[in-house]
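Remarks on the structure that follows.
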Amino acid sequence: QVQLVESGGGLVQAGGSLRLSCTASGRTFSSYAMGWFRQPPGKEREFVAGMSWSGGPTYYADSVKGRFTISRDNAKNTVYLQMDSLKPEDTAVYYCAAVARRFPPRRDYEYDYWGQGTQVTVSS
C-alpha cells in the first residue's frame, strides 16, 4: 500500500512558477514509476508528466514540454513537478500517481495509487 500526499499548489500570475511535491509512504518508492496528471475545470483528467522508477527517462504532454520538469528523490520518497512559464490554461487540480512498473503509462486507469490533488490557479 502506498499513500501519496501532494503539496505546493496555489495561485500564481501568468508567467510565474510553482513547484509541486508528492511524498509517498512506504519503503518501496523506488519500485514505482510516477506520474503527474491534472484535471482542468469541466474537463477530463489528463497526463502531464511521468518518470521511471530509476529517475529516467521522463515523459511529458506536448502542452507542457519545455515548461514543466519532473524529478524524483528516492531517498526522500518524493517526486516533484517544477512548473515554469505558467499559463492560465494550466489551471487545474494536479494529482500525482504511482504504478508498480518501470515506465510510467499515460493512461490514468493504469495507475495503482493516487494523491488527493492540489489546486493550481494561474491568473492572466
Side-chain angles (χ1 to χ4, degrees):
Q1 190 77 8
V2 176
Q3 291 185 324
L4 304 173
V5 179
E6 300 104 334
S7 61
L11 174 64
V12 64
Q13 288 189 332
S17 298
L18 281 175
R19 188 176 82 155
L20 305 183
S21 299
C22 172
T23 301
S25 63
R27 290 179 282 183
T28 59
F29 180 69
S30 60
S31 299
Y32 291 84
M34 299 298 295
W36 284 99
F37 288 76
R38 66 186 181 187
Q39 187 165 18
K43 297 184 179 180
E44 293 188 350
R45 190 161 54 189
E46 61 185 15
F47 174 82
V48 175
M51 176 171 264
S52 72
W53 64 23
S54 64
T58 56
Y59 306 86
Y60 296 95
D62 288 343
S63 59
V64 306
K65 202 171 293 183
R67 300 188 298 122
F68 291 11
T69 304
I70 187 172
S71 61
R72 67 189 293 165
D73 184 340
N74 285 347
K76 296 183 178 179
N77 281 12
T78 301
V79 62
Y80 305 96
L81 185 67
Q82 177 67 42
M83 304 185 295
D84 298 318
S85 302
L86 282 161
K87 305 175 181 180
E89 51 263 45
D90 294 318
T91 294
V93 177
Y94 283 71
Y95 300 88
C96 69
V99 59
R101 298 183 190 178
R102 180 177 178 183
F103 297 111
R106 290 178 180 259
R107 292 179 287 266
D108 58 359
Y109 60 82
E110 297 189 56
Y111 283 78
D112 302 315
Y113 303 102
W114 289 86
Q116 81 286 354
T118 186
Q119 177 71 46
V120 171
T121 303
V122 184
S123 63
S124 56

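Every value quoted in this text rests on a predicted model; they were computed, and no experiment measured them. No hydrogens, no waters, no symmetry mates; every other heavy atom, side chains included, goes into these values. The first residue in the sequence is number 1, and the count goes up from there.
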On a heavy-atom basis, which atom in [X] and which in [Y] lie closest, and how many Å separate them?
X    : Y    : answer
F68  : V48  : CD2-CG1, 3.7 Å
P40  : E46  : CG-OE2, 4.3 Å
C22  : L4   : SG-CB, 3.9 Å
G117 : V93  : CA-CG1, 3.9 Å
F103 : P57  : CE2-CD, 3.6 Å
P88  : S124 : CG-CB, 3.9 Å

(message) Can you tell me if E89 has over 12 outside heavy atoms packed within less than 6.0 Å of its CD?
(response)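 Check passes, neighbour count above 12.
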
Please tell me if the side chains of [X] and [Y] come closer than 4.5 Å, counting only heavy atoms from C-beta onward.
X   : Y    : result
W53 : V99  : no
T91 : Q119 : yes
D73 : Y80  : yes

(request) Please name all residues satisfying side chain to side chain donor-acceptor pair (under 3.5 Å) with D90, sequence neighbours left out, ordered by chain then number. (result)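 Checked D90 against side chain to side chain donor-acceptor pair (under 3.5 Å); matches are R38, R67.
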
Could you tell me the separation between the [atom1] atom of [X] and the [atom2] atom of [Y], rounded to the nearest 0.5 Å?
X    : Y    : atom1 : atom2 : value
Q39  : Y94  : CD    : OH    : 12.0 Å
L81  : M51  : CG    : CE    : 10.5 Å
R101 : S31  : CZ    : OG    : 14.5 Å
L18  : T118 : CG    : OG1   : 9.0 Å
K65  : T58  : NZ    : OG1   : 9.5 Å

(request) Verify the distance criterion only: is there a donor paired with an acceptor across the side chains of T78 and T23 at less than 3.5 Å? (result)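 Their side chains do contain a donor-acceptor pair, which is all the 3.5 Å distance test asks for.
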
(request) Identify whether NZ of Lys or CZ of Arg in R45 sits under 6.0 Å from the centre of the six-membered ring of Y95 and within 45° of that ring's axis. (result)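 Checked: cation-pi criterion met.
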
(message) Could you check whether any side-chain N or O of R102 sits under 3.5 Å from a backbone N or O of S54, counting only pairs where one atom can act as donor and the other as acceptor?
(response)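 Here the side-chain-to-backbone pair does not exist.
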
(message) For Q3, is there any backbone N or O sitting under 3.5 Å from a side-chain donor or acceptor partner on S25?
(response)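 Side chain of S25 to backbone of Q3: a pair is present.
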
(message) So, using ring pair (Phe, Tyr, Trp, His ring centres under 6.0 Å) as the criterion, who are the partners of F37 when residues are at least two apart?
(response)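 With neighbours one apart ignored, the set is F47, Y111, W114.
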
(request) Quick one: do I70 and Y60 satisfy side chain to side chain contact (heavy atoms under 4.5 Å, CB included)? Show the steps, please. (result) CA-CA 9 Å; I70 187 172; Y60 296 95; 3.4 Å; yes

(request) Linking directly or through intermediates, with side-chain heavy atoms under 4.5 Å: list the remaining ILVMFWY members grouped with V5, chain and number order. (result)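 Listed partners: none, V5 stands alone.
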
(request) Decide yes or no on side chain to side chain contact (heavy atoms under 4.5 Å, CB included) for Y32 and Y113, but give the supporting numbers first. (result) CA-CA 10 Å; Y32 291 84; Y113 303 102; 3.8 Å; yes

(request) Given side chain to side chain contact (heavy atoms under 4.5 Å, CB included), test E6 with L20 step by step and report yes or no. (result) CA-CA 7 Å; E6 300 104 334; L20 305 183; over 6 Å; no

